[in-house]
Amino acid sequence: MNQGVVTGGWEFVWAAYSLTAAMFLIYGVSLFLRRKGAKHDQRH
Amino acid sequence: MLTAALRKELLLQWRSRSQMMAVFVFGAAALLLFSFAIGPNTEALRTFSAGFLWLGLLLSSTLTLAESFHAEMENRALEGLLLLPSNPHALYYGKAIANWLQLAVLGVALVPVMVVLYDAGTTQLLNLLLIIVLGTAGLSAPGTLYAAMTAQLKAKQMILPLLLFPLIVPALLASVKATSFAILGDPMGQATSWIVLLLAFDLIYWSLCGVLFRLVVEE
Amino acid sequence: MEMPRVSTSRTPYVLLALGVACLLTGSYFGLFVAPAEEYMGNVQRIMYVHVPTAWNWMLSVLFAFGCAVVFLFKNDMNWDARLEAGLEVGALMAFLLCCQGAIWAKPTWGVWWDWDPRLTSTAVLLFSLLGIVALRHFVDDPVKRAIWSAVATIVASIDLPIVYMSVKWWNSLHQQQSTPQTVSSQFHLPLRVNAFGVLFLMIGFLMLRSRIAAMRLQHELAAPPVLTGEEAGELA
Amino acid sequence: MSDVAVEVEQLARRYGRRWALVDVTFRVPTATVMMVTGRNGAGKSTLFRVLATAIRPDRGRATVGGFDVVHEREDVRKQTALLAHQNYLYESLSARENLDVVADHLRIGRDGIAGVLEQVGLAARANDVISTFSAGMRKRLSFARVLLQEPKIVLLDEPYGALDPPGFDLVDEVIRALKARGATILMTTHQIERSAQLADLTLMLEDGRVVGPAAGRPLSGPLDRGRAARETAAEPAAPQESVC
């Protein structure tokens, strides 16, 4: 890795953004599913 | 009140001294395994000897800490004491001092093993003793609080390390650094700053855990 | 012992939508509009998502600490439900931060983990939080679980500054701060927008997660029974 | 001490999904013996653990020796002693050492220990470790532990359990001695006939509620005390529709 300007590196940038988006999405979906499960338990 | 608690703790520990032997063997075995992991390269072993000593001590500490409340929970003896009434703070500090003593003795006993296995001799024995005393105090304070919690659970052997290890990172860092300075020499005299950090960690957690202990044992 | 209540307001969904919107605009600006940084080049764009997550993670830890303290004083199970949410969202954000930090470190320092004091403290607290979440799974009695995890949260949160300081001393020999402290002005827009984006998202998650926890608590804690005879009205 | 030793008002205590105590109200005058009966799981032990301040009630109020069990736990504990299902003993310590620990924590001298051990008939085994003790001997040592505290209010949970016939006599003798000294005794028991000889009052619990006779009122007369007790036990309790 040369001194000074880090060339390229776009793949790392995309990796970071997509990972962040994926984790937030997965967590949101898991919250939604667990919410339905908890509601279901509550009715019985 | 504290003397009563301490007298009871020392009596209980005297009765289970065979357990302490077993824990010492466990610690010594851990130190041996570390050297196998590194290989016979004495130079490397010597530089990391402080780290191995404290890792061995930390692993053995979970055994003594997890067992330290076994006698109290067996017939709910701890509740019996609380209902006399006796002061929960005194009970906590009695148990924490007993655990601290046990870990300090274990640490001192592991030093010769370290010196032999890793050729990590040191002239500053007093300094090393101080570090061991302060480091084990840092393990004992939160360890006793978490032992009181996990002793009432089924999976106590697993939960205690999970809670304790991340918490004592500062104490581990400071102890290892100070010990390695004692062994490998300390030209710029940095060991004192690590010992101060260790002391601060101890003071914070010996007071905080003492305050919170009552919440863990009262229902 | 206050019984947990489950609110059904729509605000979390609004917050989630708002958060996503902010994140999209902020990321768009960060990825395509803002100029590449002088030294770091494009890799610096990771900061537009890493730094907002870091700020909000600190907020989630403070929130969890606050819930623990309030619960110990007020003994209200709603705060226990919010604590459970704070712990889980805190752990999620800590894990996310560590991943982002690793992705940032690889092109910049050539290694996946560069022992930066802030990131290392995040990793340590991540394990603390996971330890407390594990503790909550192993305690059956809801009241004991609430008190113990509150105690553990307080003990772990107070440890955070100490860990940061000790890692900073421990690591100070290697290299100075790896992430740029000051970000020049034209980079501020995406940073701020994303910061609000993650904040709204986090608050939405916290509200939804604490509702789930409250529902489970209602399921676990039987409602107060109807008393015999006339006292029912007065005490129910 | 005021004339009422123990006063309980709509006490309730929950264990997760289940209400162990739903609605318990009664009053016990000083220097009396109250017998608490009821099937297993009726809430007897829970009631005693609340009165001994081992656990907090979820609702309602109780005062023991004039002190509130939630806000003045220290004062309640100073006056009470609980003989619980768990014997509160250290397995690895001897009988004398167990009592030494109790005496040290109570900050009273160790001189009373020999007498108390004598009283419960364990003088011969004083230096043997508890792990070698039978259940009956552990119950006797728990009694010794109670006597050592010289309590004003004594909570005996199943005092006759695991004891041999001489042990029964020991229990009766201890209860009479304590009562003579002005202490108030509450005991849970399944030996209704035997306890009825000692008890001035009786209280029947079922599913966490008081079902008879009317709380705290003394039984009709000394002669038919046994019959009345048996009668109340047999009387079908009004069907309570419990919500939980």
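Just so we're on the same page: letters track the sequence lines, and every chain starts at 1.
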* With a 4.5 angstrom heavy-atom cut-off, which part of A/Phe32 approaches chain C: side chain, backbone, both or neither? -> neither

* Taking the side chain as every heavy atom from C-beta outward, state whether A/Tyr27 and C/Arg209 have any pair of such atoms under 4.5 Å apart. => yes

* To do: Calculate, to the nearest 0.5 Å, the distance between atoms CZ and CD belonging to A/Phe12 and C/Gln100 respectively.
  => 15.0 Å

* **Contact origin within C/Val198 toward chain A - heavy atom pairs under 4.5 Å** => side chain

* Asked: Atom CG of C/Leu23 and atom OH of A/Tyr17: how far apart are they, to the nearest 0.5 Å?
  -> 9.5 Å

* Whether over 12 other heavy atoms sit under 6.0 Å from A/Met23 CE -> yes

* Where does C/Leu31 contact chain A at under 4.5 Å (heavy atoms): side chain, backbone, both or neither? -> both

* To do: State, yes or no, whether a side-chain contact exists between A/Phe24 and C/Leu96 at a heavy-atom distance under 4.5 Å.
  => yes

* To do: With rounding to the nearest 0.5 Å, note down the distance linking CZ in A/Arg34 to CZ in C/Arg211.
  => 15.0 Å

* **C/Leu201 portion near chain A, given a 4.5 angstrom heavy-atom threshold** => side chain

* **Heavy-atom pair of closest approach, residues C/Ile46 and A/Ala16** => CG2-CB, 3.8 Å

* For A/Val13 and C/Asn42, work out which heavy atoms get closest and say how close. => CG2-O, 3.3 Å

